[in-house]
Amino acid sequence: MLDREQILAKRPRRKTVRIEEWDGDVCIQAMTTRSRVEVLDILYDNENAIAAYQEDQALPEDQRKGLPKVDALDKGLVSIIASLVNEDGSKQFSMEDYSLFEDLSYHATVQLWAEILKLNDLKPVDQQHADAKKNSD
């Protein structure tokens, strides 16, 4: 049986992924509970900011707070940013790099996102819905 020190010494899995379109390899790391919560917090804050902007825009013009328009973040890109690491496990990117990722090839980012889903034993939302429907039949 694993003792406390052995459990706490375990590190998230890492995987090297070949991205043909980029003509190179990248290193991805499985999310920790902490990094998953950070991703969820970013997405939750984004959704709240969008809702606040929309509510502000619904007010008569003289009652608006003048909140800035907020664009929706792509869940896949946020997860990619959280999962790309250097060989030593340190993060390569931060959310400050998000806009740079928006200009990358969609095909390459989808390929990378699929590998991150596999590494984390997750399924795309579309597959989750299909599985739920199949189980309800």
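Nothing here was measured: the structure is a model prediction, and the numbers come from that model. Count residues from 1 along the sequence.
- The residues K91 and D97 are annotated as not salt-bridged, no charged nitrogen and carboxylate oxygen being separated by less than 4.0 angstrom.
- No side-chain heavy atom of I19 sits less than 4.5 Å from a side-chain heavy atom of D25.
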Open item on the list: Could you go through K75 and L43, starting from their C-alpha distance and side-chain angles, then the distance that decides it, and tell me whether this counts as side chain to side chain contact (heavy atoms under 4.5 Å, CB included)?
Closed with: CA-CA 7 Å; K75 293 174 177 83; L43 295 171; 3.7 Å; yes
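- Between the side chain of D74 and the backbone N or O of S79, no donor-acceptor pair lies under 3.5 Å.
- Within 6.0 Å of the CD atom in E87, the count of heavy atoms belonging to other residues, nucleotides or ligands does not exceed 12.
- Between Y98 and F93, the ring center distance fails the sub-6.0 Å criterion.
- One finds a salt bridge joining R18 and E20 here, because a Lys/Arg side-chain nitrogen approaches an Asp/Glu carboxylate oxygen to under 4.0 Å.
- For CD of E61, the number of neighbouring non-hydrogen atoms (other residues, nucleotides, ligands) closer than 6.0 Å is 12 at most.
- Applying the salt bridge (charged side-chain N to carboxylate O under 4.0 Å, His left out) rule to R13 yields the partners D121; only residues at least two apart in sequence or on another chain are considered.
- In terms of modelled atom types and a separation under 3.5 Å, the side chain of E115 and the main chain of L112 share no donor-acceptor contact.
- Formation of a donor-acceptor pair under 3.5 Å by the S35 side chain with backbone atoms of M31 is not found in this model.
- In this structure the side chain of L84 reaches within 4.5 angstrom of the side chain of I80, judged on heavy atoms.
- Looking at I50 and Y53, their side chains never come closer than 4.5 Å, going by heavy atoms from C-beta outward.
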